[in-house]
Engineer: 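Structure incoming, see below.
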2 protein chains.
Amino acid sequence: MYISARADYALRAMLAVADTGSTDAGGGSGSGELVKAASLADSQAIPLSFLQGILLDLRRAGLLHSHRGTEGGYALTRAPAEISVGDVLRAVGGALTSVRGMPADRTGYHGVATGLRDVWLAVDGAIALVVDRTTLADLLADRAPAP
Amino acid sequence: MYISARADYALRAMLAVADTGSTDAGGGSGSGELVKAASLADSQAIPLSFLQGILLDLRRAGLLHSHRGTEGGYALTRAPAEISVGDVLRAVGGALTSVRGMPADRTGYHGVATGLRDVWLAVDGAIALVVDRTTLADLLADRAPAP
DNA sequence: CAGTATTCCTATTTAGTTGGTAGGAAGAGT
DNA sequence: ACTCTTCCTACCAACTAAATAGGAATACTG
């Protein structure tokens with residue numbers, strides 16, 4: 001499995017939103033749950049303009065709610081316990097496992113290689129089992145997924 | 001998980017070697033177990049000169065034995081039941097799961113993202129469980145890995 | 001109603017990887 | 001010698017990822 005910088009940043013940003021959304025640690029006026037992109041970029045050392053594109057993906061995937069203007073920012077649409085790592089990965093990266101750029105279930109093998117398709121499907125299922133069972137709340141509470 | 005063309009070709013080539021090594025279906029003189037690179041490239045539709053580099057990796061990893069000259073070719077160093085899919089993947093691609101190019105166990109997270117490392121390690125373990133338990137013999141006999 | 005802060009969106013640049021090719025040099029048989 | 005095949009190196013083209021820049025749209029403030 002390859003975790004791109006985009007996916008890595010997305011997860012870290014979601015964790016930071018979840019964290020500052022529950023514990024009121026803002027340095028500004030402390031008005032509510034909205035976290036600014038600049039604040040996220042700073043706390044997790046992510047290039048701001050790159051992060052903005054990622055936040056856009058997360059919003060389009062329905063994981064974030066955004067608000068413009070002076071007191072704008074981002075917030076989770078669901079509770080941290082209701083958002084899994086897999087949700088975030090799929091929002092920014094498409095399929096979990098791909099073979100030469102194509103999703104695992106669209107591979108076509110011939111001859112002796114026919115069985116390979118089932119291997120990739122099994123791998124995809126195994127990955128999904130881990131990332132779909134781990135939520136943002138688990139990560140914030142330091143509950144590691146079962147090995 | 002991302003399966004590169006290199007990894008895909010490597011597995012198909014290994015399966016083809018395993019197949020023609022056991023069932024004597026060669027069209028030439030039928031002298032023995034050695035399979036030529038050109039024959040592999042033809043049977044699985046792989047560019048020959050690209051395949052040669054892959055076969056070299058597989059040989060250096062100790063999975064293939066090669067012989068030069070007129071009656072040269074490639075053969076497995078172990079029985080198909082003793083070679084796993086994971087062996088082949090690691091021979092050509094390095095680590096199974098990588099985060100931004102680095103192996104999963106060399107990641108460093110700070111603050112709220114600390115728990116991410118354990119997720120990647122769990123994913124790596126889940127993938128390894130599938131690919132290390134599936135052998136070339138399983139694939140040739142159409143025995144799919146457990147879902 | 002200006003003014004400002006902020007999200008939002010697109011286009012561009014830059015660097016690295018991947019897929020694939022070419023051309024020999026070295027070894028093995030006839 | 002001659003032929004066949006593996007071996008090895010260097011190279012090119014296309015693509016993707018990562019990051020940057022610059023502007024529209026939107027919402028609050030005075």
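Lettering follows sequence order; numbering is per chain, from 1.
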Engineer: Using whole Å, report how far NZ of B/Lys36 lies from P of C/dA28.
Structural biologist: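 Rounding to the nearest Å, NZ of B/Lys36 and P of C/dA28 are 15 Å apart.
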Engineer: Whole angstroms only, please: what is the CG-C1' distance between B/Leu48 and D/dT5?
Structural biologist: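 Whole-Å distance recorded here is 10 Å.
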Engineer: Testing B/Asp57, B/Asp124, B/Asp132 for salt bridge (Lys or Arg N to Asp or Glu O under 4.0 Å) with B/Arg90, which one passes?
Structural biologist: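 Only one option passes, and that is B/Asp132.
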Engineer: Which Ile, Leu, Val, Met, Phe, Trp or Tyr residues join A/Tyr2 in one cluster when any pair of side-chain heavy atoms under 4.5 Å counts as a link?
Structural biologist: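 Once heavy-atom contacts under 4.5 Å are chained together, A/Tyr2 belongs with B/Tyr2.
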Engineer: Do you know which of B/Val85, B/Thr20, B/Val88, B/Leu139 makes side chain to side chain contact (heavy atoms under 4.5 Å, CB included) with B/Leu15?
Structural biologist: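 It is B/Leu139; the other options fail the test.
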Engineer: Can you measure A/Leu51 atom CG to D/dT20 atom C1' for me and round it to whole angstrom units?
Structural biologist: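 That distance rounds to 14 Å.
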Engineer: What's the closest nucleotide to the side chain of B/Ser66 if the choices are D/dA18, D/dA19, D/dT6?
Structural biologist: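 It is D/dT6.
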Engineer: Between the protein and nucleotides 10-13 of chain D, which nitrogen or oxygen pairs come in under 3.5 angstrom?
Structural biologist:
none

Engineer: Using whole Å, report how far CD1 of A/Ile46 lies from P of D/dA18.
Structural biologist: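 About 12 Å, once rounded to whole Å.
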Engineer: OP1, OP2 of D/dT26 versus side-chain N and O of A/His67: anything below 4.0 Å?
Structural biologist: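 For D/dT26, OP1/OP2 do not have a side-chain N/O of A/His67 under 4.0 Å.
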Engineer: Quick one: which of D/dA19, C/dG20, C/dT7 gets closest to the side chain of B/Arg100?
Structural biologist: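 Taking heavy atoms from C-beta onward, the closest nucleotide is D/dA19.
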Engineer: So does B/Tyr9 get a side-chain nitrogen or oxygen closer than 4.0 Å to the phosphate oxygens (OP1/OP2) of C/dG20?
Structural biologist: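 True: B/Tyr9 side-chain N/O within range (under 4.0 Å) of C/dG20 OP1/OP2.
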Engineer: Out of curiosity, B/Arg12 CZ to A/His110 NE2, how far, rounded to the nearest 0.5 Å?
Structural biologist: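 Taking CZ in B/Arg12 and NE2 in A/His110, the distance rounds to 8.5 Å.
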Engineer: Measure the distance from CZ on B/Arg59 to P on D/dT6 and round it to the nearest whole Å.
Structural biologist: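 The distance from CZ of B/Arg59 to P of D/dT6 comes to 12 Å, rounded to the nearest Å.
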Engineer: According to a 4.5 Å side-chain heavy-atom criterion applied to Ile, Leu, Val, Met, Phe, Trp and Tyr, with indirect links allowed, do B/Val17 and B/Phe50 form part of one hydrophobic cluster?
Structural biologist: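 Yes, it is one cluster - the side chains of B/Val17 and B/Phe50 are joined through contacts under 4.5 Å.
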Engineer: A/Leu56 has a side chain; which of C/dC9, D/dT20, D/dC7 sits nearest to it?
Structural biologist: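 Comparing C/dC9, D/dT20, D/dC7 against the side chain of A/Leu56, the answer is C/dC9.
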Engineer: Hey, is the main chain of B/Ser39 close enough, under 3.5 Å, to the side chain of B/Asp42 for a donor-acceptor pair?
Structural biologist: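 A pair under 3.5 Å: no.
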Engineer: How many Å lie between CG on A/Leu55 and P on C/dT6, as a whole number?
Structural biologist: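 The answer, rounded to whole Å, is 15 Å.
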Engineer: Do A/Val99 and A/Met102 pass the side-chain contact (heavy atoms from CB on, under 4.5 Å) test, and can you show the C-alpha distance, the side-chain angles, and the key distance before you say yes or no?
Structural biologist: CA-CA 5 Å; A/Val99 182; A/Met102 294 181 51; 5.6 Å; no
Engineer: Enumerate the protein-to-nucleotides 23-27 of chain C contacts in which both atoms are nitrogen or oxygen and the separation is below 3.5 Å.
Structural biologist:
residue, atom, partner, partner atom, Å
C/dA26, N3, B/Arg68, NH1, 3.2

Engineer: With respect to the phosphate group of C/dG20, does any side-chain polar atom (N or O) of B/Arg6 fall under 4.0 Å of OP1 or OP2?
Structural biologist: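 Indeed not, no polar side-chain atom of B/Arg6 lies that close.
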Engineer: In this structure, how many angstroms lie between the P atom of C/dT7 and the CG atom of A/Leu58, rounded?
Structural biologist: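 Answer to the nearest Å: 14 Å.
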Engineer: What is the separation between atom CZ on B/Arg60 and atom C1' on D/dT6, rounded to the nearest whole Å?
Structural biologist: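 Going from B/Arg60 (CZ) to D/dT6 (C1'), I get 12 Å.
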Engineer: Return whichever of A/Ala7 or B/Ala37 has its heavy-atom-nearest nucleotide of DNA chain D closer to the 5' end.
Structural biologist: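 It is B/Ala37 whose nearest nucleotide is closer to the 5' end.
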Engineer: Return yes if some donor-acceptor pair links the side-chain N/O of A/Arg78 with the main-chain N/O of A/Leu63 below 3.5 Å, else return no.
Structural biologist: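 No, the answer is negative, given that no donor and acceptor are paired below the 3.5 Å cut-off.
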Engineer: Just by distance, do the side chain of A/Thr107 and the backbone of A/Ala104 share a donor-acceptor pair under 3.5 Å?
Structural biologist: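 At least one qualifying donor-acceptor pair exists.
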Engineer: C/dT6, OP1 or OP2 - any side-chain N/O from A/Tyr74 closer than 4.0 Å?
Structural biologist: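 Indeed not, no polar side-chain atom of A/Tyr74 lies that close.
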Engineer: Could you tell me whether the side chain of A/Arg117 and the main chain of A/Asp105 form a donor-acceptor pair under 3.5 Å?
Structural biologist: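 Answer holds: yes.
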